[in-house]
Protein chains: 2
Amino acid sequence: MTDRPRNPTIIDVAGRAGVSKSVVSRVVSGRGSVGEETRQRVLRAAQELGYVVNASARAMVAHRTYTVGAFVRDAATPFYGHLLTAMQERAAFHGYRVVTATGSGRFEEDDEYRALETLAMLRVEALIVCSGLLPSERILPFAERLPTVVAGRPETHPSITSVYCDEDEGGVALADHLVGLGHREVAVVTVPTSHSVTLGPRTAAMARRLRERGAHVLEIPGSHRETAGAWATEVLRHPGITAVMAPSDRHALALLEQLRLRGAAVPEQLSVTGYDGIGDLTTSLIGLTHWRQPIDLIGGGAVDALVQLLDGEQPPDHHRALPGALVVGRTTAPPAA
Amino acid sequence: MTDRPRNPTIIDVAGRAGVSKSVVSRVVSGRGSVGEETRQRVLRAAQELGYVVNASARAMVAHRTYTVGAFVRDAATPFYGHLLTAMQERAAFHGYRVVTATGSGRFEEDDEYRALETLAMLRVEALIVCSGLLPSERILPFAERLPTVVAGRPETHPSITSVYCDEDEGGVALADHLVGLGHREVAVVTVPTSHSVTLGPRTAAMARRLRERGAHVLEIPGSHRETAGAWATEVLRHPGITAVMAPSDRHALALLEQLRLRGAAVPEQLSVTGYDGIGDLTTSLIGLTHWRQPIDLIGGGAVDALVQLLDGEQPPDHHRALPGALVVGRTTAPPAA
DNA sequence: TTGTATGCGTTATCAG
DNA sequence: CTGATAACGCATACAA
C-alpha cells in the first residue's frame with residue numbers, strides 16, 4: 001500500500017543507457033557537452049524509466065533552489081489572491097517557483113515566525129511580503145538575511161524594495177472627484193495607519209484633500225468591515241452629508257449593503273466611493289466608483305525587482321510606484337439640490 | 001552584494017556547542033535522546049547562529065518531503081482561491097506544506113505537463129487536483145504514480161478519490177425552488193459536460209428537473225461568460241420566459257449586468273439563479289439566489305483524505321459528497337401575473 | 001567526449 | 001547518552 005516504488009535516479013538511467021552517471025547529469029541539466037548519439041540514448045532511457053530530476057539533491061550541490069517565498073498575511077482576500085496569481089505567473093517566466101506561506105490562523109503570536117521558518121527551511125532565495133498589516137519593523141529581520149520586496153504597499157525603509165500603487169494619489173483623486181461633483185459635506189471611513197499601512201494613508205489622504213478643497217469632513221473610525229452598520233447609521237444621522245468614502249471596495253460594498261437596508265438611495269441621496277478595483281462585478285454590475293490599482297503590474301513588478309536583486313543588479317527603482325486610475329461608476333453623482 | 005553568507009549547518013552548531021553533529025541532529029529533529037543539559041547548550045548555539053534545518057538535505061535521507069502538490073487549472077477565480085486557502089490551512093494542521101502549480105497560461109499544450117513535472121521534481125508526496133476542466137483521463141497517469149484526490153468535483157474513476165458537493169442535488173434544488181415559485185417557462189444557460197465536469201452536470205440537472213416538474217425549458221449554450229450579452233438577448237426574445245438559471249455565480253452576475261443594461265427588472269420581470277456561493281457580496285449586496293457549496297469543507301476534506309492515503313489507510317469514503325445549501329436571495333420571486 | 005571522485009547537509013546505524 | 005560513519009541523488013572539477 002504505502003510501499004511507493006523508489007524514484008529512478010541518474011544512476012538507474014545511466015545503467016540503462018550504458019553510460020556513467022556524469023553523462024546523464026550533463027544531459028538532464030543541459031551543462032557540459034555530450035555526443036549527440038549518447039544524448040539521445042540517455043534521453044530515451046530517462047523517458048522509459050520515467051526519470052525526473054530530484055530538486056532536493058540538485059539544491060544541495062547547486063546551493064540554489066530557484067524558489068522565492070511569498071509571505072501573505074491575509075490570503076483569502078481577493079486582492080491577495082490576484083496578487084499571488086500575478087506573481088506566480090511572472091516568476092515562472094523567470095524560471096522561479098513561488099511557495100507561499102501564511103499564518104495558519106490559530107496562533108497569532110509565533111504564527112508568523114513559523115511561516116517564515118518554513119520558507120527558510122526551503123531555502124527560498126528571496127522573499128515577497130504581501131500584507132497591509134505587517135509593520136515594517138517586523139519585516140526588517142528577514143530583509144537582513146534575504147533579498148526582500150514588499151508588494152502592494154509603500155515602504156520607506158532603505159533596505160527594503162517595494163512595488164506599489166501610490167496611496168496618496170488615489171485618495172486625492174477620489175476626493176477631487178467628489179468635490180468636483182459639488183459635494184461639500186463628506187464622511188470618510190478612516191483606518192489608523194497603525195492598523196494598516198495601506199488603508200491608513202489612503203483614507204488620511206482623502207480627508208486631507210477634502211479639507212484642502214474646502215469641504216467639511218466627518219471622520220468615522222472603521223477598521224473592521226463588520227461594523228459597516230454603525231457607519232451607515234452614523235452617516236444617516238448627519239443629514240447634511242452627501243457622500244461617503246470607504247477605505248476599500250470591500251468596505252464600500254459592506255457599506256452599500258447597510259445603506260440599502262436602511263433605505264438610503266445611492267447615488268441619489270448619498271454618493272459612495274471604494275478603493276482597489278478588485279473583481280469584475282465591482283466594476284460592471286455594482287458600478288462602484290473607485291480607485292483602481294494595477295494588481296497584475298504590482299505582482300509582476302515585485303517579481304521582476306526580486307529577480308534583479310538575485311542577479312546582483314540594483315533595481316532601477318528602489319521604491320516603485322505604479323500608476324492607478326480613477327474609475328467612475330454609478331455610485332457617485334452630484335449631490336441632491 | 002550577491003555573496004550571500006553560507007547558511008549555518010549542524011556542523012557549525014556542533015562546533016559552537018562542543019558536541020558532535022549527531023547530537024545536534026537529534027536535538028533539532030527531535031528523534032533519539034540527548035542529555036537535558038546538552039540539549040539546552042545545542043539549542044542556544046543554534047539560536048545564536050540562526051540555524052534553520054535544510055529541508056533539501058533532510059528530504060534526501062528521509063525520502064519524505066511532507067509536501068503535497070496542488071494542481072490548479074484556473075487559479076485566479078474566487079472559487080479556487082478559497083479552496084487553496086482552505087487546503088493550505090488544513091495541510092498545515094497535519095504538518096504538510098502545499099505547493100501549488102498552475103499552467104503559466106501561454107502554452108496550452110505542454111503547459112500542464114510542465115506544471116506536474118515541477119511538482120514531481122519537488123517530490124510532492126501526493127496530488128490534489130482542482131479543476132473543473134481537466135478530464136479524468138488526463139489525471140489518471142499521475143494518479144497511478146501518486147496518491148491523488150480531486151477536490152471540488154465528482155470523480156467516478158475507482159482509483160481516484162474525490163471530495164465534492166453533489167452537482168445534481170444543487171441543480172435539482174434550484175429548479176424545484178423556481179417551480180415552487182410558479183415558474184413554468186425557464187431558460188437554462190447550459191455548458192456541455194465535455195467542457196466542464198462541474199458546470200455541465202449541474203446545468204443538465206437543472207434542465208432535467210424542470211422538465212420533470214412540467215416546466216418548459218429553453219436551453220441556451222453558454223460556455224463563456226463573455227457571451228452573457230447574447231444570453232440576455234436570447235432570453236428577452238422569448239416573452240413567456242420568467243426565469244433564467246446560470247451555471248455559476250459569475251455567470252449569473254454577468255447575466256444580471258447584461259439584463260440591467262437592457263432594462264429588464266430582476267426579479268420582477270425575470271428571476272435569476274446562480275451557483276457556488278462565492279464572496280460575501282454575492283450573498284449580501286446582490287442577494288443572488290444560488291446553491292452554496294461548502295468550499296472550506298471541500299478543501300479541508302480533500303487534505304484529510306490525502307493524509308489518510310499517505311498514512312496507508314483507506315479513506316472512509318472513496319468519493320465523498322458534502323452537503324450544499326439552497327440560499328434564497330432577492331433575485332428570485334414568483335413570476336409576474 | 002566520457003568516466004572518476006568528491007562534497008553538499010541530514011539522518012540512521014552502530015560502536016563506544 | 002554520545003560520537004563516528006555511511007548513505008541519499010546530484011553536479012562538477014579533474015583525469016583519461
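To find a chain, count down the sequence lines: A is the first, B the second, and so on, and within it residues start at 1. Quick note: numbers below take in every heavy atom, side chains included, and nothing from hydrogens, waters or symmetry partners.
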Taking for each residue the nucleotide of DNA chain C bearing the nearest heavy atom, is the 5' side occupied by A:Arg123 or by A:Ser20?
-> A:Ser20
Would you kindly compare B:Arg31 and A:Ser22 by the position of their nearest DNA chain C nucleotide and give the one closer to the 5′ end?
-> A:Ser22
Salt-bridge contact B:Asp12-B:Arg6 (side-chain N to carboxylate O under 4.0 Å) = yes
With a non-hydrogen cut-off below 4.0 angstrom, is B:Val19 in contact with a base, only sugar-phosphate, or nothing?
-> sugar-phosphate
Write down the distance between CD1 (B:Ile10) and C1' (D:dA4), rounded to a whole number of angstrom.
-> 13 Å
Side-chain contact, heavy-atom cut-off 4.5 Å: A:Leu122 with A:Thr65?
-> no
At a 4.0 Å cut-off to heavy atoms of chain B, the contacted part of DNA chain C spans C:dG9 to C:dT13
CG of A:Asn54 versus P of D:dA7: gap in Å, rounded?
-> 18 Å
Residue A:Glu36 excluded, over 12 heavy atoms near CD under 6.0 Å | yes
Between CZ of B:Arg16 and OH of B:Tyr51, what distance do you get to the nearest 0.5 Å?
-> 15.5 Å
Ignoring backbone atoms, establish whether A:Ser25 has a side-chain N or O less than 4.0 Å from OP1 or OP2 of D:dA11.
-> yes
D:dG9 base to A:Arg6 side chain: any donor-acceptor pair below 3.5 Å?
-> no
Please name the pair of heavy atoms, one in B:His318 and one in B:His157, separated by the smallest distance, quoted to 0.1 Å.
-> NE2-O, 4.4 Å
Looking at the side chain of A:Ala57, which of D:dC8, D:dC10, D:dA11 is the nearest nucleotide?
-> D:dC10
Round to the nearest Å and state the distance from B:Lys21 atom NZ to D:dT2 atom P.
-> 17 Å
Mapping B:His63 and B:Ser33 onto DNA chain D by nearest heavy atom, which one lands closer to the 5' end?
-> B:Ser33
Contact class for B:Thr38 vs. all strands (heavy atom < 4.0 Å): base, sugar-phosphate, or nothing?
-> sugar-phosphate
Rounded to the nearest 0.5 Å, how far apart are CE of A:Met87 and CG of A:Asp296?
-> 12.0 Å
Pick the nucleotide of DNA chain D nearest each of A:Tyr51 and B:Val23; which residue has the one closer to the 5' end?
-> B:Val23
The reported gap from CG in B:Asp304 to CZ in B:Phe93 (rounded to nearest 0.5 angstrom) is 8.0 Å
Rounded to the Å, how far apart are B:Arg64 CZ and D:dC8 P?
-> 19 Å
